There are 2 protein chains.
Amino acid sequence: MAVDLVILTLRSSKLQVLLVERGVAPYSGLQALPGGFLNNAAEDIEGAAHRELSEEAHLDGAQLHLEQLGTYGKPGRDPRGRVISVAYLAIAPSLPEPIAGTDAASASWRPVDDVLSGGLNLAFDHQQILADGVERARAKLERTALGTAFCPEIFTISDLQKVYEAVWGVSLDPRNFYRKVQGVPGFLVPVESTRRTTKGRPARLYRAGTRAVLSPPLTRPEHPIPVEEER
Amino acid sequence: MAVDLVILTLRSSKLQVLLVERGVAPYSGLQALPGGFLNNAAEDIEGAAHRELSEEAHLDGAQLHLEQLGTYGKPGRDPRGRVISVAYLAIAPSLPEPIAGTDAASASWRPVDDVLSGGLNLAFDHQQILADGVERARAKLERTALGTAFCPEIFTISDLQKVYEAVWGVSLDPRNFYRKVQGVPGFLVPVESTRRTTKGRPARLYRAGTRAVLSPPLTRPEHPIPVEEER
DNA sequence: TCAAAAGTGTTAGTAGTACACCCATGC
DNA sequence: GCATGGGTGTACTACTAACACTTTTGA
């Protein structure tokens, strides 16, 4: 039994994922998702995910979003033998500095687009796990407040808009986005009498509200869906 | 390692789940989700789900919807020791006869509402797994063609409407529902020059189309209207 | 003929989009 | 002042909900 982590964040307005370079066989030298085996037969699976998050990424799970993504257990996915891996999706707020820690030398943020477009091969079935994680994040942005997990505690509406644009890979009208998110009660909580130094007019600041499910949902612009012809 | 199955179907216009009575400790005599341990270290997890589906419910997975729901591995969830269970959600079309098979004596369909409202205690954490499965089904009806998995190969639009009403627990306007589903290209494929004996005017028949993702989605009413008592 | 269910037309209210415009700041 | 991003108003369009109405069958 193992756990693997898809840790997503926003850096330079791009959706990025944390990868580590494998130092041992199999797939030594290849990039992989952070993860590892359960410590012992009694370790809680989600506890193991938190432990790996801390060990490999030096992220404490306090205010970090962490959810189970799925379980990958096809025989043959690990050449060492039967390994069943429970994958978790973690969302981290933008952090100023790159991850520094024990495995720091081998850990790096990579733009998700670069990885998924095939420019970088991942070990095991990690490419698939990453794709599933990104799709989960895309879908959950529509109906839940997951977007705020990408933001620091205090943020502006345009910060949040950058999250949506990066994850969905679209560009949105800032004025309509502004009203849309404000129109969801409990999504954003204004932080009174505060602002931030920027270029133009200062923006109001917000904290994430308690509302977990967004209604009405924020719909992503419709991407072309090929209608398969009936056979 | 084990697999558990949430098998949902529509019977008497109600959403029902297949339960089995446990014959052995722990929780002997209680109702539980069908499931069991992996046969050996090399058995594929989804393969094991198919095997249990066949053994315990006598449903062949040919045209049956089956998807992974999640993995439940909290220490202590099984008094026998550490058991990690991968739960699957299966959707079965309405079957005329109750399940008949090796465990037939102990297997029965139960209305989901009765089980979730607490009238019936399930073994292990199966109540939670069932709740997660139902919520997954509810959500997927909005954006995917999952509803057709509840229907036989050939069905009418009002058959499909009954699925939505039962799963969501609402009542829908048949005329608007009719146009809504017809307006999704690739969702339904008309079966030409066929009809069915009923009470009123015969209905056109349809097969499920190849379109897996519905756009626009069918949105469930935000404030559920209590279903009027029928029959 | 009537009852029942299928299917169509129409309309009012509402949500989403596009975009013109004003506001508050740094330089 | 001007540039830049924040925030507001508004018209237009598309979708939805509600419901009157017509069609096609069995009895």
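Letters go in sequence order (proteins before strands), and every chain restarts at 1. Keep in mind it's a predicted model, so treat the numbers as computed, not measured.
Judged as a ring-ring contact (aromatic ring centres under 6.0 Å, His included), the pairs with a partner in residues 113-144 of chain B (not counting sequence neighbours) are, in order, B:Y27-B:F124, B:F124-B:H126. For residues 123-132 of chain B, the pairs satisfying salt bridge (Lys or Arg N to Asp or Glu O under 4.0 Å) are B:R77-B:D125, with sequence neighbours left out.
A donor and an acceptor atom never sit less than 3.5 Å apart when one is taken from the side chain of B:R220 and the other from the base of D:dT16.
In this structure, the nucleotide among D:dT8, D:dA18, C:dT8 sitting nearest to the side chain of B:D173 is D:dA18.
Applying the side-chain hydrogen bond (donor to acceptor under 3.5 Å, both in side chains) rule to B:R201 yields no partners; only residues at least two apart in sequence or on another chain are considered. Residues forming a side-chain hydrogen bond (donor to acceptor under 3.5 Å, both in side chains) with B:Q182 (at least two apart in sequence, or on another chain): B:Y206. With sequence neighbours excluded, the residues forming a side-chain hydrogen bond (donor to acceptor under 3.5 Å, both in side chains) with A:D173 are A:R175, listed by chain and number. In this view, B:Y72 satisfies the ring-ring contact (aromatic ring centres under 6.0 Å, His included) rule with no residue, not counting sequence neighbours. B:D114 pairs by the side-chain hydrogen bond (donor to acceptor under 3.5 Å, both in side chains) definition with nothing, not counting sequence neighbours.
Between the side chain of A:Q161 and the main chain of A:S171, no donor-acceptor pair closer than 3.5 Å is present. Listed for the A:E56 side chain is no donor-acceptor partner under 3.5 Å among the backbone atoms of A:L33.
Going from atom CG of A:L160 over to atom P of D:dG6 covers 13 Å, rounded to whole Å. For the pair B:Q182 CD and C:dT8 C1', the computed distance is 11 Å after rounding to whole Å. Going from atom CG of A:N176 over to atom P of D:dT10 covers 15 Å, rounded to whole Å. One atom, CG of B:L172, and another, P of D:dT16, lie 13 Å apart when rounded to the nearest Å. Put simply, CZ on A:F155 is 16 Å from C1' on D:dG6, counting in whole angstrom units. Atom NZ in B:K162 sits about 12 Å away from atom C1' in C:dA6, given to the nearest Å. Summarising the geometry, the separation between CZ on B:F177 and C1' on D:dT16 is reported as 15 Å, rounded to the nearest angstrom. Residue B:Y178 contributes atom OH, which lies 17 Å from atom C1' of C:dT10 at whole-angstrom precision.
Contacts of residues 139-150 of chain B with DNA chain C (heavy atom under 4.0 Å): none.
Counting any heavy atom pair closer than 4.0 Å across all strands shown, B:T219 reaches no nucleic acid atom. If you check every strand for non-hydrogen atoms under 4.0 Å, B:S158 touches sugar and phosphate atoms only. Contact annotation for B:R179: base contact, defined as any heavy-atom pair under 4.0 Å involving a base atom.
Residue B:K180 places at least one side-chain N or O closer than 4.0 Å to OP1 or OP2 of D:dA17.
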Per-nt protein contacts along nucleotides 20-27 of chain C (heavy atom under 4.0 Å; B base, S backbone sugar-phosphate only, - none) come out as BB-BBBS-
